[in-house]
2 protein chains.
Amino acid sequence: MSVDSDDCLHKSRQMPRLTRQQRTVLEVLQQLAQPISAQSLYKTLRQDHRSIGLATVYRSLEVLKLQGLVQSRINRQGESLYSLVQQDQHYLTCLKCGQSTPLDSCPVKHLERQLQQSASFTIYYHSLEFFGLCQPCALLD
Amino acid sequence: MSVDSDDCLHKSRQMPRLTRQQRTVLEVLQQLAQPISAQSLYKTLRQDHRSIGLATVYRSLEVLKLQGLVQSRINRQGESLYSLVQQDQHYLTCLKCGQSTPLDSCPVKHLERQLQQSASFTIYYHSLEFFGLCQPCALLD
DNA sequence: TATTGACTGATAATGATTATCATTATATCT
DNA sequence: AGATATAATGATAATCATTATCAGTCAATA
């Protein structure tokens with residue numbers, strides 16, 4: 001999860017931790033603290049007059065994901081929503097209306113520690129999602 | 001989870017539980033017991049000379065999902081992979097190479113029962129996924 | 001300052017999914 | 001059984017997020 005220089009044993013050339021564009025994208029996500037699509041992020045930056053090319057937005061998000069700083073989640077429309085990796089995410093998602101309700105409880109930390117110790121995998125974050133029907137949708141049928 | 005007639009209090013017209021096409025799609029998934037994309041399913045059926053229109057494949061999968069019989073999962077290429085709802089799914093997914101390793105342990109059943117009893121949501125299945133770097137990818141960097 | 005490799009931006013290409021619409025199938029009613 | 005109404009289907013066009021491409025830019029080292 002940390003991105004200390006210790007973790008970054010680059011081969012030859014030393015590049016800045018994150019480029020300007022990558023930092024801009026990260027800042028937007030930090031201010032938002034709300035999942036946002038790449039397209040929306042792109043438009044937001046245009047309106048702010050700090051335009052970044054759309055392709056670069058996508059590339060930056062990919063880099064930030066690889067750093068474990070950002071996570072994504074695909075919504076009902078099939079677009080990826082990006083957000084900071086701050087807390088793990090737990091949802092109750094209705095198969096009919098698509099609404100996702102966040103949950104509080106996280107019963108998974110323990111397992112995560114176990115897996116972490118198995119040492120063959122470095123866990124950045126996890127996601128737990130329950131699928132079914134919310135009451136209104138269940139009653140419709 | 002059950003699709004007994006008791007559950008299906010239809011308004012006026014009584015339709016068959018599932019149409020021929022929907023049953024065909026379900027059969028393929030039952031035989032496969034392997035997640036498959038809608039496109040692949042479509043091609044598979046063409047080769048078997050039991051062609052179904054591509055749009056109908058998508059529609060059937062949607063119906064089966066709403067019945068709680070089928071679940072989907074989006075892979076790295078952004079395509080949905082469909083499979084039977086048989087067991088809950090738990091993955092260890094590498095952010096770099098995209099490889100997903102299934103897990104055995106399920107620490108979530110208890111929480112699921114709790115949520116089930118809160119009665120405002122009917123849970124069909126759940127999904128638990130850990131994201132990070134597998135050892136080979138972690139070493140690359 | 002020249003070199004070199006990665007990053008960027010504009011835009012075209014890709015490809016899965018969805019919308020449309022004429023046609024077909026099927027349940028219900030007579 | 002036949003008529004009717006409604007939902008399902010199939011072919012295809014349209015949509016739209018994401019990726020690929022490529023020429024131009026930037027920045028770190030020598």
Side-chain angles (χ1 to χ4, degrees), chain A residues 5 8-26 28 35-46 48-67 70 72-82 95-96 98 140-141, chain B residues 5 8-26 28 35-46 48-67 70 72-82 95-96 98 140-141:
Chain A
S5 57
C8 297
L9 305 173
H10 283 302
K11 319 101 235 250
S12 49
R13 154 106 33 142
Q14 181 185 354
M15 294 297 279
R17 195 70 45 84
L18 292 174
T19 66
R20 180 176 66 74
Q21 286 84 347
Q22 289 161 4
R23 268 181 282 116
T24 300
V25 166
L26 186 56
V28 172
I36 186 176
S37 70
Q39 299 282 351
S40 300
L41 211 160
Y42 171 69
K43 285 173 199 146
T44 299
L45 287 173
R46 300 198 107 208
D48 285 12
H49 302 291
R50 346 182 240 165
S51 285
I52 294 179
L54 177 59
T56 302
V57 169
Y58 277 100
R59 283 185 289 234
S60 298
L61 288 168
E62 202 52 36
V63 168
L64 294 170
K65 278 184 69 176
L66 252 70
Q67 300 283 358
V70 164
S72 68
R73 183 181 142 64
I74 298 178
N75 71 2
R76 157 139 305 209
Q77 285 80 41
E79 51 183 9
S80 291
L81 301 187
Y82 299 84
L95 290 166
K96 197 158 206 171
L140 275 186
D141 209 11
Chain B
S5 57
C8 299
L9 305 173
H10 283 302
K11 321 98 239 252
S12 50
R13 154 108 29 145
Q14 181 185 355
M15 294 297 278
R17 195 71 45 84
L18 292 174
T19 66
R20 180 177 66 75
Q21 285 85 346
Q22 289 161 4
R23 268 181 281 116
T24 301
V25 166
L26 187 56
V28 172
I36 187 177
S37 69
Q39 300 281 350
S40 301
L41 211 159
Y42 170 70
K43 285 174 199 146
T44 299
L45 287 173
R46 299 198 106 207
D48 284 14
H49 303 292
R50 347 180 238 167
S51 284
I52 293 180
L54 177 59
T56 304
V57 170
Y58 277 100
R59 284 184 289 234
S60 298
L61 288 168
E62 201 52 36
V63 167
L64 294 169
K65 279 184 67 177
L66 252 69
Q67 301 283 357
V70 164
S72 68
R73 185 181 140 64
I74 298 178
N75 71 3
R76 158 139 305 209
Q77 285 81 40
E79 51 182 10
S80 291
L81 301 185
Y82 299 83
L95 290 167
K96 195 158 205 169
L140 275 186
D141 209 12

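Residue numbering restarts at 1 for every chain, and letters A, B, ... go by the order of the sequence lines.
In this structure, the side-chain contact (heavy atoms from CB on, under 4.5 Å) partners of Arg20(B), at least two apart in sequence or on a different chain, are Arg23(B), Thr24(B). Under the side-chain contact (heavy atoms from CB on, under 4.5 Å) criterion, Ser37(B) pairs with Gln39(B), Ser40(B), Glu79(B), Leu81(B), sequence neighbours left out. Under the rule for a side-chain contact (heavy atoms from CB on, under 4.5 Å), the partners of Ala38(A) that lie at least two apart in sequence or sit in another chain are Val57(A), Tyr58(A), Leu61(A), Tyr82(A). The side-chain contact (heavy atoms from CB on, under 4.5 Å) test applied to Leu95(B) returns Lys65(A), Tyr124(A), Tyr125(A), Phe131(B), Leu133(B), not counting sequence neighbours. Qualifying salt bridge (Lys or Arg N to Asp or Glu O under 4.0 Å) partners for Arg46(B), counting only residues two or more places apart in sequence or in other chains: none.
You'll find the side chain of Thr56(A) stays beyond 4.5 Å of the side chain of Thr19(A), heavy atoms only.
Separating the CZ atom of Arg23(B) from the P atom of dT9(D) is a distance of 10 Å, rounded to the nearest angstrom. Taking atom CZ of Arg17(A) as the reference point, atom P of dA27(D) lies 17 Å away to the nearest angstrom. Regarding Tyr42(A), its OH atom lies at a distance of 9 Å from the C1' atom of dG9(C), rounded to whole Å. A straight line from CD of Gln21(A) to C1' of dA10(C) spans 14 Å, rounded to a whole angstrom. The nearest whole Å value for the distance from the CG atom in Leu61(B) to the P atom in dT18(C) is 10 Å. The CD1-P distance, from Ile52(B) to dG10(D), rounds to 6 Å in whole Å. Following rounding to the nearest Å, Arg59(B) (CZ) and dG10(D) (P) show an atom-to-atom distance of 8 Å. Computed from coordinates, the Leu18(A) CG to dC7(C) P distance equals 11 Å when rounded to whole Å.
For dA8(D), neither phosphate oxygen OP1 nor OP2 lies less than 4.0 angstrom from any side-chain nitrogen or oxygen of Thr19(B). Close to dG10(D), at under 4.0 Å from its OP1 or OP2, lies a side-chain N or O of Thr56(B).
Pairs engaging residues 50-61 of chain B under the salt bridge (charged side-chain N to carboxylate O under 4.0 Å, His left out) rule: Glu27(B)-Arg50(B), Asp48(B)-Arg50(B) [sequence neighbours left out].
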What's the verdict on side-chain contact (heavy atoms from CB on, under 4.5 Å) for Thr44(B) and Ile36(B), showing C-alpha distance, side-chain angles and the deciding distance?
-> CA-CA 10 Å; Thr44(B) 299; Ile36(B) 187 177; 4.1 Å; yes

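Closest heavy-atom contact between Ser60(B) and Gln22(B): OG-CG, 3.5 Å.
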Could you go over nucleotides 15-17 of chain C and give all protein N or O partners under 3.5 Å, atom names and distances?
residue : atom : partner  : partner atom : Å
dT17(C) : OP1  : Ser80(B) : N            : 2.9
dT17(C) : OP1  : Ser80(B) : OG           : 3.3
dT17(C) : OP2  : Tyr58(B) : OH           : 2.4
dT17(C) : O5'  : Tyr58(B) : OH           : 3.3

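The side chain of Ala55(A) has dA20(D) as its nearest neighbour among dT8(C), dA20(D), dT9(D).
Bending across the helix from dT1(C)-dA30(D) to dT30(C)-dA1(D), expressed as the angle between its end axes from five pairs apiece, amounts to 30° (10° rounding).
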